[in-house]
2 protein chains.
Amino acid sequence: MLDERKTAILRAVVQEYITTASPVGSTHIANAPGVKVSSATVRNEMAVLEQEGYLAQPHTSAGRVPTDRGYRFFVDHLAAPGPLDLQASQQVGAFFDSAHGRLEELLHQTTNLLAQVTHHAAVVVGPRAETAVVRSVQVVGLGGRTATVVAVLSNGTVENEQVELPVEMSELRLSAVSAHLQKHLPGSTLDAPRDLPATGDSDFDAVCAAAMQSLATTAAAEPVFVGGAASMARAFDAVDTVREVLNTLEQQFVLVSLVRDVLNRGLSVAIGAEHGVAPLVACSVIVKPVFVDGEQVGTVGVLGPTRMDYPQALATVEVVSERLGRRLSDGSN
Amino acid sequence: MLDERKTAILRAVVQEYITTASPVGSTHIANAPGVKVSSATVRNEMAVLEQEGYLAQPHTSAGRVPTDRGYRFFVDHLAAPGPLDLQASQQVGAFFDSAHGRLEELLHQTTNLLAQVTHHAAVVVGPRAETAVVRSVQVVGLGGRTATVVAVLSNGTVENEQVELPVEMSELRLSAVSAHLQKHLPGSTLDAPRDLPATGDSDFDAVCAAAMQSLATTAAAEPVFVGGAASMARAFDAVDTVREVLNTLEQQFVLVSLVRDVLNRGLSVAIGAEHGVAPLVACSVIVKPVFVDGEQVGTVGVLGPTRMDYPQALATVEVVSERLGRRLSDGSN
DNA sequence: ATTGGCACTCCAGGCTACCGAGTGCTAGCG
DNA sequence: CGCTAGCACTCGGTAGCCTGGAGTGCCAAT
């Protein structure tokens, strides 16, 4: 553990580096508020901090830069999660006050909100439809053996998928299928649908099964939304880094598992190499689950350079996750 | 109009520049196949081509670079739209052979396909739902005054939107509303829904109207999908250009109007400044409408640096638009 | 224990020189 | 008359050199 003075110095280095983006030297720190010693002392302390892995020097006789470990200490012990600044919080408020419409749309917009407020890339993972309760099911023929199966869930989302029916069926019989499903399914969930009573008509039963199967498959997917990827181009000036990061951002499954992984480890911040996704070593991730009635229904997060304003980003993600949860739980705000 | 020799030289310059990305000098051209004269003659001709605006010099004593006009001449007269190379065409074929599922998903995947094959950003604009015929409508209550209204259209897409009902309604009465809509709407389109017979129950009628209104609004939107934005980071090495282009790509409405605009002018290629979107002067756009039964239902396109392989890109977009159209028209391939 | 002072390091930026790719022009050739 | 070989010239990029400044580490003094 670091003594008070080292702590103060580390804090000052991180804060300075976050705003200036260039290595910070002992004299700056000596002048910083909260540090009451001379630059020589600061130099000594910084040498120690470097040995212990909190700081690094790009090269001899340059200033110091925080390491991942330095940032980690900063967010764990020094980043007072202070309140969101007024303008940002108004922006978030205004958004959730005026937001309306479908879940998907809402999540997508949330992504833009986060990106705008934090100036970082944002990622929102939506709820799996699996566990939501079915309110209504319907099968609509589209000619030939193709049909669309639609389910309205209790959380207001609509799952739909095209299916290839095992046998061709008249519109009339399809409505009978709809009616059959509509009668027995509502109230159960898509991952564990209630068993349908067999009707004795094998075609009929096969169509029902196909429809259910198809719904269960789509419902297993987690919808992911990414926004503000362009901000990554602003965060780095090495064009190679930008390329790598953008490429990775396009692979949504990487993002999803990244987010899940961080949450599983009980973290809300993963810094640089901590998250283990190689192309994103220069990035940190901040995630927060979204709860509705104590149940996790999704995740919101931002992804930016390790050199990011953690307190602000943490506060933003926190507020957004909270507002989003409230919004989803009662439908108003 | 350019004589044969100038034409050959221009072609050679464009081709060389497309592959090397650096200004091309007279000696390279003199050695190119199809040019049978000495470098001195090439120099003279290039001077003329420069005066006429087909070529430009980054600075005195550098090689020549094609101007927008040069590219334009190239695509109009020199870019033999030759067949798609085998590997690419197999990739496209494999994609459409195995693709299945919802329209949205299909369009989204198409975006990735295009991006992969061309190594450029891809944009796909989907059909408006407005003009599709309604097959089924349903209103499902979600508690309180909110409800979800769902419409299945003849093209297999599903439109859904949450609505705030003018009055609270029991589930039972909502099914009555559904039945009412279901009875009268199928067969008409969302932009011009058939007039519903008044029932005399003003609440009932108001709810119907609200549902219809909401559907009409969502149906007016054109779904846009963008993919492969990261390739822009590979296309340019000025990080500023990357920033600008990425920012613009995130503003989907700009893209939509860009695409529409180019099509309206009867073009399939817009080069550099031609398309009038300032931040994208360094980019060219290739678009192709997607037809189903002679009716345009969408647009596919790619967006890359002006220095792009036009024949290959044109061929790819052409094939994809054609396959997509076929896919959408009969549902199989 | 802290600090002022000092010698040292190393990068960034400005300057110069040079190389090479490329041009434009002209004189000569078929 | 059109083409080409040759030549002088231009100019950007790279390498080398220097210098100023920000920063460090260490030591001796307080």
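Residue numbers begin at 1 in each chain, while the letters A, B, ... track the order of the sequences. All values reported here derive from a predicted model rather than from experimental measurement.
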(message) Can you list everything that forms a salt bridge (charged side-chain N to carboxylate O under 4.0 Å, His left out) with A/E274? Sequence neighbours excluded, please.
(response) A/R72

Could you run down the sub-3.5 Å N/O contacts of the protein with nucleotides 4-6 of chain C?
{"from": "C/dG5", "atom 1": "O6", "to": "A/R43", "atom 2": "NH2", "distance (Å)": "3.1"}

(request) Determine whether B/L303 and B/L249 make a side-chain contact, defined as any pair of heavy atoms from C-beta on separated by less than 4.5 Å. (result) yes

(request) Under 4.0 Å from any atom of DNA chain C, heavy atoms only: list the residues of residues 10-23 of chain B that qualify, in numerical order. (result) none

(request) Tell me, please, which residues at least two apart from A/E45 pass salt bridge (charged side-chain N to carboxylate O under 4.0 Å, His left out). (result) A/R5, A/K6

(request) Answer whether the closest heavy-atom distance between the side chains of A/I29 and A/S39 falls below 4.5 Å. (result) no

(message) Near DNA chain D, counting only heavy atoms under 4.0 Å, which residues of residues 60-69 of chain B show up?
(response) B/T60, B/S61

(message) Suppose we screen for salt bridge (charged side-chain N to carboxylate O under 4.0 Å, His left out). Which residues come up paired with B/D237, at least two apart in sequence or across chains?
(response) none

(message) Using the side chain to side chain donor-acceptor pair (under 3.5 Å) criterion, which residues pair with A/Q312? Sequence neighbours excluded.
(response) none

(request) Among A/V262, A/V285, A/I286, A/L314, find the residue that satisfies the side chain to side chain contact (heavy atoms under 4.5 Å, CB included) test when tested with A/S268. (result) A/L314

(request) Quick one: list whatever passes side chain to side chain donor-acceptor pair (under 3.5 Å) with B/T110, sequence neighbours left out. (result) none

(request) Would you tell me if any nitrogen or oxygen in the side chain of A/T41 comes within less than 4.0 Å of OP1 or OP2 on C/dA1? (result) no

(message) What range of DNA chain D does chain B touch, first nucleotide to last, counting atoms under 4.0 Å from its heavy atoms?
(response) D/dC3 to D/dG12

(request) Calculate, to the nearest 0.5 Å, the distance between atoms OH and CG belonging to A/Y17 and A/L55 respectively. (result) 11.5 Å

(message) Under the rule for side chain to side chain donor-acceptor pair (under 3.5 Å), what residues qualify as partners of A/T60, not counting sequence neighbours?
(response) none

(message) Nearest whole Å is fine: how far is C/dG24 P from B/M46 CE?
(response) 8 Å

(request) Could you check if a side-chain atom of A/V123 sits within less than 4.5 angstrom of a side-chain atom of A/T111, using non-hydrogen atoms only? (result) no

(message) Going by the rule ring pair (Phe, Tyr, Trp, His ring centres under 6.0 Å), which residues pair with A/F73 if we only count those two or more places apart in sequence or in a different chain?
(response) A/Y54, A/H77

(request) Would you kindly give the CD-to-C1' distance between B/E50 and C/dG22, to the nearest whole Å? (result) 12 Å

(request) Starting at atom CG of A/N44, determine the distance to atom P of C/dT2, rounded to an integer number of angstrom. (result) 9 Å

(request) Please identify each residue that fulfils salt bridge (charged side-chain N to carboxylate O under 4.0 Å, His left out) with A/E50, with sequence neighbours left out. (result) A/R64

